[in-house]
2 protein chains.
Amino acid sequence: MKTADPELMRAINRFHVLDTIRRYGAISRVEIGDRIQLSPTTVSAITGSLIEDGLILPKHEGDLRGGNRGRPRVMLALNPKAARVVGAKIAATRLAFVVTDFQGDVLAELVLPLRVDRLPLSVIADLVEDGVRRCVLDAGIAMADVKSVAVSLPGIIEHGTGLVRASSIFRDADVPLKEAVVERLGIDVIVESDANAITMGEHWFGQARDCDDFVLVAIEDNLTLGVMHGGQIFRGARELSLTLGDMVMGADPDHAVKLADVASEKAIINGEEINNPRMRDAIRLGSGMSHVRDMIEAGDNKLRVAASNAGAALGIAIANLVALFAPPRVILVGSTLTLGPHLLDALQSSFAKAIPQSLREVAQIVIENADDRLWARGAAAVALGELYGSPWGTTGPARTFNADALEGGKSL
Amino acid sequence: MKTADPELMRAINRFHVLDTIRRYGAISRVEIGDRIQLSPTTVSAITGSLIEDGLILPKHEGDLRGGNRGRPRVMLALNPKAARVVGAKIAATRLAFVVTDFQGDVLAELVLPLRVDRLPLSVIADLVEDGVRRCVLDAGIAMADVKSVAVSLPGIIEHGTGLVRASSIFRDADVPLKEAVVERLGIDVIVESDANAITMGEHWFGQARDCDDFVLVAIEDNLTLGVMHGGQIFRGARELSLTLGDMVMGADPDHAVKLADVASEKAIINGEEINNPRMRDAIRLGSGMSHVRDMIEAGDNKLRVAASNAGAALGIAIANLVALFAPPRVILVGSTLTLGPHLLDALQSSFAKAIPQSLREVAQIVIENADDRLWARGAAAVALGELYGSPWGTTGPARTFNADALEGGKSL
DNA sequence: CCAATTAATTCGCATCGCTGATTAAAGCGG
DNA sequence: CCGCTTTAATCAGCGATGCGAATTAATTGG
């Protein structure tokens with residue numbers, strides 16, 4: 001139980017000030033006070049301490065203020081050099097890295113087009129190490145300057161322990177990825193689901209900068225889900241990340257299919273690559289979906305139907321998410337979206353059919369064309385988010401205590 | 001933005017103290033301090049103020065303490081008379097009311113076995129008024145003693161405004177139920193989804209007293225969903241409640257069915273009552289499911305299959321919930337559970353098939369045989385919860401601001 | 001150059017929680 | 001029976017926090 005003392009109070013206000021500076025860029029003390037309802041006195045005290053700690057800097061340029069009389073406002077901005085972090089994305093066909101400064105601005109990026117799925121942990125961890133070191137070098141800084149590394153990958157991840165419980169990247173379950181990367185890099189490592197990473201990315205840099213509550217659906221090899229609620233990543237039991245590909249579509253267990261069996265890229269391609277070397281190459285290069293799009297546009301009916309079916313299933317799944325979470329916004333990202341209308345037309349019409357009348361106006365659906373950079377930058381945002389350290393339990397996991405205390409009621 | 005000042009600090013600690021006294025009944029000051037990591041001084045100050053406000057009372061009996069030497073602990077308990085609230089449940093076949101004291105102990109209860117669905121708002125509001133007034137009278141108190149009334153019903157409810165956006169109880173959409181009841185009773189009224197009400201009920205009185213994170217599935221005429229996250233009800237956009245019956249089962253929009261079309265009580269009965277007057281009576285009396293159970297046990301194969309299909313669909317839906325929310329616990333409640341194994345066997349086996357391996361151990365599934373009283377008491381807990389007033393935004397809704405601030409990205 | 005205006009800081013105050021000392025209320029032992 | 005020990009609860013004083021009022025700073029306008 002977090003007890004509220006003056007220290008916590010300060011931590012909360014300090015976080016809000018820092019977060020406001022991050023969100024609104026160069027901003028004056030008065031405006032911070034207006035935005036978060038804090039007296040000028042307190043804002044001054046907190047910004048003073050932030051400057052002293054080197055987290056923010058006064059900027060004397062660009063003094064835009066309400067009137068233009070009176071003493072000019074001193075603008076404050078994050079000190080880019082306050083910290084550097086690395087964000088990494090592990091996808092089936094590539095590894096992407098970015099080094100960012102404290103603002104999340106990219107100092108260096110690197111994409112390694114390698115097919116890494118099903119490789120053993122040690123090899124993947126080695127590749128991550130190489131990528132991180134290379135990218136850090138490219139950024140012109142030393143490893144010692146890097147505060148932490150966030151690694152994101154598809155699947156079900158235990159945030160705190162950095163355990164990968166299930167992922168298409170690994171053959172095995174319960175892979176201790178965090179441990180392996182820490183061992184190689186010797187700095188703080190955060191392992192996070194790719195959906196949660198890009199959810200943070202959208203919140204910090206993308207379609208959801210204005211929005212503390214939304215659901216994000218990542219449509220790639222895997223179908224994953226990120227939920228932002230009140231500005232915090234929603235986490236399940238034991239800080240598990242959420243998953244969408246495991247959603248079972250169908251009322252009858254004997255004829256039901258998983259969403260991933262209909263709407264993942266593998267499902268759309270459905271073995272097509274076996275007899276089609278160009279497709280095989282495209283997949284290997286990570287451009288499978290644009291090749292599929294080209295083939296559809298060249299008249300391939302089988303793929304057209306597959307894409308349409310995937311879209312239809314996704315539309316239903318998204319309608320279900322709207323019923324279950326009632327989010328003000330749903331963001332779609334992922335390489336599958338390069339199929340464009342071949343996927344989206346069916347998605348939209350099936351969403352419209354599946355969504356109940358009363359929820360039709362609730363959620364705004366937005367499509368983001370996220371590139372590797374945004375994914376990796378999202379991972380960096382995860383790392384930065386922990387540095388910023390929101391006080392009321394960075395991102396609260398779902399917990400159960402005294403499990404023995406159950407009374408009555410049967411348990412399955 | 002909630003600014004953190006000493007007042008908020010005190011409010012937080014005060015809430016924790018009060019909540020601890022509520023949870024653990026008669027408890028001494030030292031033990032409160034131990035539990036919530038607060039110094040004895042602070043606990044004394046806060047409990048002093050709570051006593052002064054008449055919210056709690058010192059009890060000199062039952063002084064069980066660690067050792068039995070030294071000054072005995074003075075136990076503190078809620079002052080039952082600090083407030084009274086009414087909780088009401090509107091279900092298709094009955095209205096249930098309870099009057100509770102500040103502890104949530106039931107002072108009076110009333111069940112009106114009336115078929116109320118599809119009645120106009122004014123009639124239902126009148127019935128609620130009558131029930132509340134009657135029940136308050138039975139409790140031996142006056143309406144003026146009642147601090148607030150919480151009315152729960154199935155469907156999609158906007159918590160703040162008390163607007164019923166969709167419910168099987170009302171023919172129309174967007175029914176201003178809160179307004180209608182306020183007008184009649186002239187006191188604070190809260191309208192809440194029945195699932196959220198019983199979710200609070202389980203958290204306060206039932207299977208989830210030890211657990212701040214769980215998902216509850218209410219299986220009755222409607223299928224509704226309550227999510228407790230970090231001790232708070234999870235709310236969607238505009239404080240909407242969540243729904244499960246609208247979940248679409250199936251990957252193909254042309255052949256998909258809503259969960260409610262397979263697993264609601266109406267779906268199980270599936271017109272059976274038309275030719276069966278005893279069934280019709282049982283439904284009217286609200287004991288439709290026990291009659292169905294009897295008929296199944298008497299050899300009715302059609303109903304057996306229907307129940308089994310409902311269970312199978314529910315098993316899938318629950319597996320989906322576990323994938324999407326990763327909750328440590330899932331609680332099942334609702335009258336449909338009286339079907340017992342005829343429903344649960346299929347539910348369990350289809351859940352087992354649908355749940356991915358990596359999530360198998362995540363959620364504990366618990367069945368609660370909730371009676372009308374617990375539902376209504378849950379509503380009362382909603383009302384009490386607002387009185388206790390947790391400070392950091394009683395139960396946070398999902399919000400979106402500056403919707404115009406979107407850049408790039410297409411919108412469907 | 002001075003008044004007006006706006007920004008930022010300083011000062012003094014009230015509130016809060018905490019540590020350490022003090023008082024209160026019981027049991028234990030001679 | 002009375003004093004010692006033990007534990008609970010409160011009191012006094014301290015440091016931290018946020019806030020309002022007054023003060024200082026920096027700029028514009030006349």
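Both backbone and side-chain heavy atoms feed into the values below; hydrogens, waters and symmetry mates do not. Reminder, nothing fancy here: chain letters follow the sequence lines and each chain counts from 1.
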From CZ of B:R14 across to P of C:dT15 the rounded distance in Å is 15 Å

Exercise. Mark yes or no for whether B:D101, through its side chain, and B:Q103, through its backbone, hold a donor-acceptor pair below 3.5 Å.
Key: yes

Out of C:dA26, C:dC18, D:dG18, minimum distance to the side chain of B:P72 belongs to C:dA26

request  = Would you state whether a donor and an acceptor, one from the side chain of B:R71 and one from the base of D:dA8, lie under 3.5 Å apart?
outcome  = yes

(message) Using only atom types and a distance under 3.5 Å, with no angle test, would you say the side chain of A:R22 pairs donor to acceptor with the backbone of A:L78?
(response) no

Here the distance between atom P of D:dT10 and atom CD of B:E52, to the nearest Å, is 13 Å

Does the pair A:E7/A:R14 count as a salt bridge with the N-to-O cut at 4.0 Å?
-> no

Ranking A:D5 and A:R29 by the position along DNA chain C of their nearest nucleotide, the one closer to 5' is A:R29

When rounded to whole Å, the NE2 to P distance for the pair B:H16 and C:dC16 reads 17 Å

* To do: State whether A:N13 places a side-chain N or O below 4.0 Å from either non-bridging phosphate oxygen (OP1 or OP2) of D:dT17.
  => no

Of C:dC18, D:dT10, C:dG27, the nucleotide closest to the side chain of B:S44 is D:dT10

To the nearest angstrom, the CG-C1' distance between A:L8 and C:dC18 comes to 15 Å

note: A:L38, atom CG; C:dA8, atom C1'; distance rounded to Å ~ 15 Å

In whole angstroms, the gap separating C1' of D:dC19 from CG of A:D34 amounts to 15 Å

A:M9 atom CE is separated from D:dG15 atom P, nearest whole Å, by 17 Å

Atom CD of B:E7 and atom C1' of D:dC19 are separated, to the nearest Å, by 12 Å

Side-chain atoms of B:R73 come closest, of D:dA9, D:dG15, D:dC19, to D:dA9

Taking only the side-chain nitrogens and oxygens of A:T41, find out if one of them lies under 4.0 Å from OP1 or OP2 of D:dC19. no

So, OP1 or OP2 of C:dT15: does either fall under 4.0 Å of a side-chain N or O from B:R10?
no

Would you call B:D210 and B:R329 a salt bridge, using N to O less than 4.0 angstrom? yes

The side-chain contact (heavy atoms from CB on, under 4.5 Å) partner of A:I32 among A:I46, A:L38, A:L76 is A:L76

Against the side chain of A:R69, the closest entry in C:dT5, C:dC18, C:dC16 is C:dT5

